[in-house]
Each structure stands twice: as structure tokens, then as C-alpha cells.
Amino acid sequence: MNSAEKIKQLFAKSDVTVHSIVDERIVGDALAAFDKSEKTILISAEPNIWRMIMNKTMTKVAAAAAIIVIVFVGMHYLGVSPDSAGVVWADVLRNMEASQTVTFTFEWEKELEESGYWWGEGTILVKGPYRRTDATSGIRYGDGPPHEDATVEIMDLSRQNRFVELHPSQKLAYYAPDHGGSDTLLTYDGLKKNFRDGTEECLGEVEIDGRQAICFRLSTDDKEFTVWADPDTALPIRIERTAKEGIDKTVLSNIAFDVELSDELFDMTLPEDYCVMNMATEEFKVPFELTEAHLVEELTTTARGLGGTFPTRFGRGRPGEEALEKYFAETRRAVPVEGGGTPMLGTEFLKRLPEDSDWQYVGEDVKLGDAKKPVCWWKLPGSKTYRVIYGDLSIRDVEPRDLPKIPWLEE
Amino acid sequence: MIDRLLVTRCRQGNRDALLRIYEKYRDSLLILAIALSHDVNLAEDAVHDVFVVFAQNIASFRLTGSLKAYLARCLANRVRDLMRANRSRAKALSPEQACAAEQDLNEPSRLIACNEELRLLSAALAELPYEQREVIAMHIHGQMRFRVIAKSMGISVNTVKGRYRYGIQKMRSILNGEI
């Protein structure tokens, strides 16, 4: 069952028991508001507001003025400058629309909840419906160490946003036949849409990076854009976007239009030696045999991320609310571990164990390196002994009667 | 009774129709609000506010799609506002006051009791950034299409799908083996 199905099931089984006091409060206030609100009045009883307004002389003048404004805006959008001089926003838009390819570098930073900080930089190449992003992004929570990862993402916007995301350092790829992804601004179409929909204001000629440019400011519902355009080509040379709330800033620079881009740059063939996850089905293809070594590796990485102690749960573990809360708290304070290898291979090894392999995880509070305490065990069908991983990561064969005694398992 | 008829009767001043709408969607909206906020008190306030505003504006309300999706969308907006207001308030509180203000879904004296599944779901979703949580909850529980969510949130479909994808990806590791 994939995660979406699991979440769907949880929602379906979710239930609340509501005390009548809650109902009384909500219904009481809603009915009070309902009684004060105006209900539907038959249309025939309503005065014709439109006719009343249009009968006033001043309203007629205002309506005529509004029509003039619409015509003016239409001319402006179509690139007809009323004074026929300088670069107007419509020139920039039209030239952007006409460009077949565009490349630019980007930098962004974003504040996350719970004192997290996320940043990224890289290059984006756009050719028709294809977009390739070569990026390095990093994340840091609180005072913890930053964790960086390099990725290559290629999207085909013409085919329901088919995408491939490669993590070369981990030889890991995510792909989906029809999934979206990434920020609107970084899809060129999204950027142009924001530009079309925003309200612009020309700030005149300014100097930026040692050259003259025409500066425009655009505002959408939740973002502010500043665009510097080349006065000769009427194309953007730098774009900055800031969110109207919180820290969320993106800067696009080194923008070049109509550059030659080879089709190979947008090749979405998945490398054969990569582990590949289909994000639509969550099917995980691994190009080699999964072994207990992968389980050991993931357990080690997880324990290192928790400061040298194995987690309360790993697939399974001590049941109950208290253990669950403890596990969630651990998840919150876990830090990414450098050189942790391809993630999820240990979990995938577990998922592929036969159903009757009696997998059990008992690693709660066990220290990395503790040779006496078990972390987990399983028994393959037909085998007379269990494979037991200990805190020192040794794996021993143990008779069923000699399995370590764990109090909560005995209950 | 179908939603369109209930809404029409409401608009004609029928109090019973408003109660029927409340009874029909109360639990679903509370579950959604708890899943989004991981806070029962806030969820109750959000559902309260959504129904009060719905009742207040019933005269001008026109049902153009699903009533459930409309209420879910209003609720998600209200939860977001209340959470933002709570965060600002928490910043002004001392650490002790802030701790005391945190809600515990297991507290037995609570007026709204959540079952095990909802507690698990809410705790797991709380691990995600709000934007991802919102998209997952509205898509899966609110049964809203990505396109509708995108329109209601004023963002692109790609962004919605991206948030959903990254959220599901994280939920995969959080929920692994828990159910």
C-alpha cells in the first residue's frame, strides 16, 4: 500500500466524538448570525440598481472614463506606448514570449517553520516545454549543521509535467509520468504568467551591475517582482522575487535568451545504475540485490542522525502512544548525515522480507556500538535460526529460544 | 437532502436547513481542521468561524460546485489564519506560557475526543510544513482536485502537485510501519 493510500485510510478511519457544548456554541452563534443576515428577496421586489446608477449624470461620466482607461491599458499591454518612447512592460513581455530558449542562474532562500532555513542555487535551461535545473540546495534546522545536496531535474511540461529528478551523489532518481514539481517562478511559463497577471509600475532608468536598465516593479497577490530590462533589447537581465510575507526571496541573473541548447541536455533517460522511485506508484526499483548490509547501513545512518542512539521505532517497535510521541520527537531532532548512502534501501529490504519472517525491531535507546543489546531480528522461512543485529552492528544467528527477552514483547 | 436544496432553503431563511448542513459536515470539517492544525481547540474555533461566516453570508452565497469542497476551502483558510495568529501570540508569551498553551490531543477532559487514527494522522501531518499538509489534507480528505486547490490557493497546479509529492514522500518515512 502506498503512502497516499495509507493516509486515505487514516482519514477514512478518523473519527471525533463531540460534546454537546461544542454543538451548542457553534450552532447558537451560527443561528444568531443567520437570523441577522438578509435572506433571499424575490428579484421582482429588488430595485434595479444598475438603472438607478446609470441615470445619474456623474455615473455616466465615470463610466466613460473607465472605458478610456481600459483602452489605454489595452494599448499599453499590446506594446503601444502612448508617448511612443522608451521600453514599456509590454515590450518586455512580448519579447519574452517570442524567445525559444532561455537560460539563467538563480539563488533563493526561504525561512521554514521551527527555525529552519532552506536555500538553493543553480542554473535553469528552458527550451520549449522542457526545463532542466542543475541545483545545489541546502537545509538547516536551528543550530544544527547544514545539509547540502546536488540535483538535476528535467521536466517536460508538454506531457503532463513528466519529470525526472536525479541525485548523483546517492545514485538515486525520482520520476513520475504526470506529476508537477518545483516553484512556479522557476517554470518559465509560470514566470510569464506571473508577469502577465501582475500589476506593473515602471520605476524608470537605473544602473545595475554597472549597466543601465529600465526597472519595473510588479505585484501579484502574494509576491513582489523587480525586473531590470535591457533598454536596447527590452529583455530582462535580472529578476528578483520576494514573498509579501516571511523570508522567501529568489534572484534570477545571467539571463540569456535564444541561446543554442542541445536536445541531449533534456534527455530524460534514467541511468541504469540508479535506484529509481516512481513517485506516482511509489514503486522502488533497485538495480542490485538488497541485502542485510543495506539494513545495517540505514540503521547506522539513522542512529548517527540521532546522536548515536537507535530510534524508538524502525518499521516496528514498542507500541503505544508514548512510544509514538517519542518517535515523532526523535524525527524532529534528527539531523541529516553526510555520506549516508542511498536512503530507504534498508526500509526497502524490510518491505521485501517474506510476510512470515517475524521481523521485530527492539532498538529503542540502544547505543551505537553496544554489542550486548539487540536492535532487530527476523527469520527467513525455512531457517531454524533468527538473524539478530546488535548495537555494534554485528549480525548473529540465534536460536528462537535464545532470543533476547524484551519486556514489552513478553506482555 | 442534496446540498443545493439545503443551500436554497437556507437562503430562504430555513434554520433547519442550516442545522442539517452543520450536522452533515461537522465531523468531516473537524477532522480536517485537526489534521491541519494538530490542535483541537483551534480546530473547534475554525469550524465555529466557518459556520458563523457561512450563516452570516448565506444571502449572497451561490453554490457553484461541491459544498463540501467549499467549506473545506474556507476551513483551510481559517485554520491558516488562526495558526498564524497563534504563532504571533506565542512569540509574545514566555516559554512557560507558550508550553501551557500547547494542546494535547490525548487530554481526556477535552470536549472533542479524537480516535487513535486521527491522533496518528494529525501527529504525522504535523511533521510537514503547513503548505504540504494543507494540500495533502484537501486533496485526500477534501476530495479536491489539484486544479481546484491551486485555484483556491492562488498558486500554480505544478506547485500544488510539488507540495503534494514532497509531502507524501515525507509521510512515507514517517508512517512507515506505523499502520
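Order of the sequence lines fixes the chain letters, A, B, ..., with proteins taken first and strands second; residue numbering starts at 1 for each chain.
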Between atom [atom1] of [X] and atom [atom2] of [Y], what is the distance when rounded to the nearest 0.5 Å?
X	Y	atom1	atom2	answer
A/Lys8	B/Ile136	NZ	CD1	12.5 Å
A/Lys13	B/Leu120	NZ	CG	10.5 Å
B/Arg119	A/Ser14	CZ	OG	10.5 Å

Exercise for review: Answer yes or no: is there a side-chain heavy-atom contact under 4.5 Å between A/Asp15 and B/Glu117?
Suggested key: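 No, too far: nothing below the 4.5 Å cut-off.
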Practice item. Taking the side chain as every heavy atom from C-beta outward, state whether A/Thr17 and B/Ile112 have any atom pair closer than 4.5 Å. Key: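 No; the side chains remain at least 4.5 Å from each other.
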Interface moiety of [X] toward chain A, non-hydrogen atoms closer than 4.5 Å:
X	answer
B/Phe51	both
B/Arg26	side chain
B/Leu18	side chain
B/Leu19	side chain
B/Ala35	side chain

Exercise for review: Report the option among B/Glu23, B/Arg163, B/Glu116 that has the most heavy-atom pairs separated by less than 4.5 Å from atoms of chain A.
Suggested key: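 With the most close heavy-atom pairs to chain A, the winner is B/Glu116.
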Review point. Picking from B/Ile140, B/Leu121, B/Leu30, which has the most non-hydrogen pairs under 4.5 angstrom with chain A?
Key: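 Highest number of pairs under 4.5 Å: B/Leu121.
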Identify the two heavy atoms, one from [X] and one from [Y], that lie closest to each other, and give their separation to 0.1 Å.
X	Y	result
B/Leu125	A/Phe11	CD1-CZ, 4.2 Å
B/Glu44	A/Ile26	O-CD1, 4.3 Å
A/Ala30	B/Ala55	O-CB, 3.2 Å

Check your understanding: Can you check whether A/Val16's main-chain N or O pairs, donor with acceptor, with B/Asn115's side chain at less than 3.5 Å?
Key ->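 Pair absent, no side-chain N/O of B/Asn115 close to backbone of A/Val16.
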Review point. So which of A/Leu31, A/Val27, A/Asp29 actually passes side-chain contact (heavy atoms from CB on, under 4.5 Å) with B/Val52?
Key: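 Testing B/Val52 for a side-chain contact (heavy atoms from CB on, under 4.5 Å) against A/Leu31, A/Val27, A/Asp29 leaves exactly one candidate, A/Asp29.
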Practice item. Apply side-chain contact (heavy atoms from CB on, under 4.5 Å) to the pair A/Arg25 and B/Asp45, showing each step before the final yes or no. Key: CA-CA 10 Å; A/Arg25 176 191 169 221; B/Asp45 286 346; 2.9 Å; yes
Point to revise | Proximal component of A/Tyr361, with respect to chain B [non-hydrogen, under 4.5 Å] | key: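 For A/Tyr361, there is no contact with chain B at all, as no heavy atom is under 4.5 Å.
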Exercise for review: State whether B/Arg172 and A/Glu348 are salt-bridged, where the test is any N-O pair (Lys NZ or Arg NE/NH1/NH2 against Asp/Glu carboxylate O) under 4.0 Å.
Suggested key: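 A salt bridge links B/Arg172 with A/Glu348.
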Review point. For A/Arg352, does the CZ atom have more than 12 heavy-atom neighbours from other residues, nucleotides or ligands under 6.0 Å away?
Key: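 Above 12, so yes.
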Practice item. Kindly determine whether B/Arg15 and A/Phe34 satisfy side-chain contact (heavy atoms from CB on, under 4.5 Å), including the steps that lead there. Key: CA-CA 8 Å; B/Arg15 291 160 64 102; A/Phe34 183 72; 3.7 Å; yes
Review point. Do the numbers put B/Arg165 on top of the ring of A/Phe163, so that NZ or CZ is under 6.0 Å from the six-membered ring centre and no more than 45° off the axis?
Key: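 The answer is yes, since B/Arg165 meets both limits relative to A/Phe163.
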Practice item. For the pair A/Leu10 and B/Leu118, evaluate side-chain contact (heavy atoms from CB on, under 4.5 Å) and give the outcome as yes or no after the intermediate values. Key: CA-CA 7 Å; A/Leu10 278 177; B/Leu118 182 53; over 6 Å; no
